[in-house]
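Working notes for the structure below.
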Amino acid sequence: MLIFSPTTIRSLNPQPLPYLSFSHSISLPLPLRSLPTPSKSPHFPSFHINCIDAAQPFDYESHLKNRYIQSTSLKIAIIGFGNFGQFLSKTFLRHHHTLLAHSRTNYADLANHLGVSFYADPHDLFEQHPDVVLLSTSILSTETLLKKLPFQRLRRNTLFVDVLSVKEFPRNLFLKYLPPDFDILCTHPMFGPESGKTSWAGLPFVYDKVRIGDEESRIKRCDKFLDIFEKEGCRMVEMSCMEHDKYAAGSQFVTHTMGRVLEKFGLESSPINTKGYETLLNLVENTKGDSFDLYYGLFMYNQNALEQLERLDMAFESIKKDLFGRLHQVYRKQLFGDNNGEVEKKRSLAQKLLGNGSLTEPPLDNVRQDGS
Ligand code: NAP
C-alpha cells in the first residue's frame, strides 16, 4: 500500500486542492522512499492513495486500451448455445468480444453467469444487429432452424459463420437460404471441450471464405473473427469445404467411430496401462462427451462417411480372417494324429473365439474328407 501526504501532491500542482484533479496519467516519478508524515493542516486533510495502478477515468493508457479493444471487438451472436457454443463463447469473451446467444433451450442463467446476453427469441437477438452470427447447432437441425431465422432484422451485410463438423452441407444451405448480401465463412474448429480444454495451441482450425464482400470493412470483420483462433495459437488451415469433408471422413469420422466402438466394448483402466492403452482410453474420453446427434451428423451429412465405415468393417473382417486363418492351420496340424476328444475340445474353443462361428469355422468334416 502506498501512502502519500498532501505535500507530495502539492509539489505536482501549485493550486490548493479541495479535491484531486489530474488531467493526465498519474504515472509520474513520485518519491517512493521516506514518505513524510501526513499533514495536519486544515486545508489539506490527510488522505491515502491505496493503489496507483488501477485504470482511472483520466488514465490515458486505459483510454487507449479501451479504444483499441473497441476497434477490434465484434458483436457475436451464437445460435445454438449447447456444449460447443458455450465452450467457444468463453474464449471469445477473453478476447473482449461482445457475446449474445439464442438457443432452443433457455440458457439465460448460465449465459448471464458467463457474461453472455441471452435472447429466447431470435427476433430480439437479431434486432441487436450483431456483426457476426455464428451457427453452432446440431448438424441435423441446421436446415429447419435456418428456414425459421428472421434475417430481415439483421444488418444487410452481416457475416454468417458456422462451426459444423461437416462443411459442404452448411455451405450449400447458407448459399441457398441466406440473403445474397450476407458474407459467409464456413469453419471447423477441429477440437472440442475435451481436446481443447487447456489450450487451443497447435490444434487445427479449418476455414473456407465462401463469400466475403470486397469492401475493406467486410474483409476486416472476417479477419477479426479469424484472429481469435490465430491468437489462440490454432493451426490455421484454409481449404475448400469439399476437401475438408474428404479428409474429415477419413480422420474425424473414423476417430469418432473407433471411440464409440471402444466405449461400447467397455475399456477399463488397469494398474498396468501401457502408453498405447492410455491412448485408447483418451480416445474414448475425447469422444464420449459428444452427442449422438453430432456423430450421426458426421455420418449422414458427409458423403464420404459411408465408404469409410465400409472400409473399417472390411479391415476388421480381414484382420479376423488373418487371425483365424492361422489358428486354423495350427488346428489342422494338430488334427492329424490327435485323438477325437482333443479334436472336439479344439473345435469348441475355435467356435467360442469366432463368436458366431460363421466366418472361418474350421471345416472339420472337410478336413476329415481331405485327410481320408
Ligand atoms: P450437437 O448435439 O451437435 O448440437 C447441440 C446444439 O444444437 C445445441 O445448441 C442444441 O440446442 C441445438 N439443437 C439440437 N437440436 C435442435 C433443434 N431441433 N432445434 C434447434 N436447436 C437444436 O452438440 P455440440 O457439441 O454442441 O455441437 C454443436 C455444433 O458444433 C455441431 O454442429 C458440431 O458438429 C459442431 N462442433 C462440435 C465440436 C465438439 O467437439 N463438440 C467440435 C467442432 C464442431 P439446445 O441446447 O438449446 O437444445
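All ligand and atom numbering here is 1-based and tracks the order in the structure. Quick caveat, the model's predicted, so the values are computed rather than measured.
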Identity and distance of the protein heavy atom lying nearest atom 13 (N) of ligand 1: Ser141 OG, 3.7 Å

Can you find a non-hydrogen atom of Phe292 under 4.0 Å from ligand 1? no

So if I apply the side chain to side chain contact (heavy atoms under 4.5 Å, CB included) rule between Lys209 and each of Ile184, Asp183, Leu226, which one comes out positive? Leu226

Which protein non-hydrogen atom lies closest to atom 28 (C) of ligand 1, naming both residue and atom, and how far is it? Ser136 O, 3.1 Å

Lys197 with Glu194: basic N within carboxylate O range, under 4.0 Å: yes

Going by the atom numbers of ligand 1, which of them fall below 4.0 Å from some non-hydrogen atom of Phe191? 40 (O), 42 (C), 43 (C)

If we ignore angles and hydrogens, is there a donor and acceptor under 3.5 Å between the side chains of Tyr295 and Thr257? yes

May I ask you to check whether Gly82 has an N/O atom sitting below 3.5 Å from an N/O atom of ligand 1? yes

Of all the heavy atoms in Gly297, does at least one lie under 4.0 Å from an atom in ligand 1? no

I'd like to know whether Phe265 forms a side-chain contact (heavy atoms from CB on, under 4.5 Å) with Val284, so could you lay out the CA-CA distance, the side-chain angles of the two residues, the decisive distance to 0.1 Å, and finally the verdict. CA-CA 10 Å; Phe265 176 76; Val284 174; over 6 Å; no

Ion pair present between Lys167 and Asp162, side-chain N to carboxylate O less than 4.0 angstrom? yes

Phe87 near ligand 1 by a heavy-atom separation under 4.0 Å: no

Is the contact between His188 and ligand 1 made by the side chain, the backbone, both, or neither, using heavy atoms and a 4.0 Å cut-off? side chain

Measure Asp290 to ligand 1 on non-hydrogen atoms and call it side chain, backbone, both or neither using the 4.0 Å cut-off. side chain

Side chain, backbone, both or neither: which part of Leu145 has a heavy atom under 4.0 Å from ligand 1? side chain

What pairs with His129 under side-chain contact (heavy atoms from CB on, under 4.5 Å), at least two apart in sequence or on another chain? Arg155

Between Ile78, Val163, Leu145, which is the residue that forms a side chain to side chain contact (heavy atoms under 4.5 Å, CB included) with Leu135? Leu145

Considering only heavy atoms, does Ser291 approach ligand 1 within less than 4.0 Å through its side chain, its backbone, both, or neither? side chain

For atom 48 (O) of ligand 1, the protein heavy atom that lies nearest, with its residue and separation: Arg104 NH2, 2.8 Å

Within the 6.0 Å centroid threshold, strictly below: Phe160 and Phe151: yes

Ligand 1 and Phe84, any nitrogen or oxygen pair closer than 3.5 angstrom? yes

Can you classify the ring geometry of Phe92 versus Phe225 as parallel (below 30°), tilted (30 to 60°) or perpendicular (above 60°)? perpendicular

Tell me which part of Ser165 gets within contact of ligand 1: side chain, backbone, both or neither, using heavy atoms under 4.0 Å. both

Say whether Ser195 and ligand 1 are in contact under the criterion: heavy-atom distance to a ligand atom below 4.0 Å. no

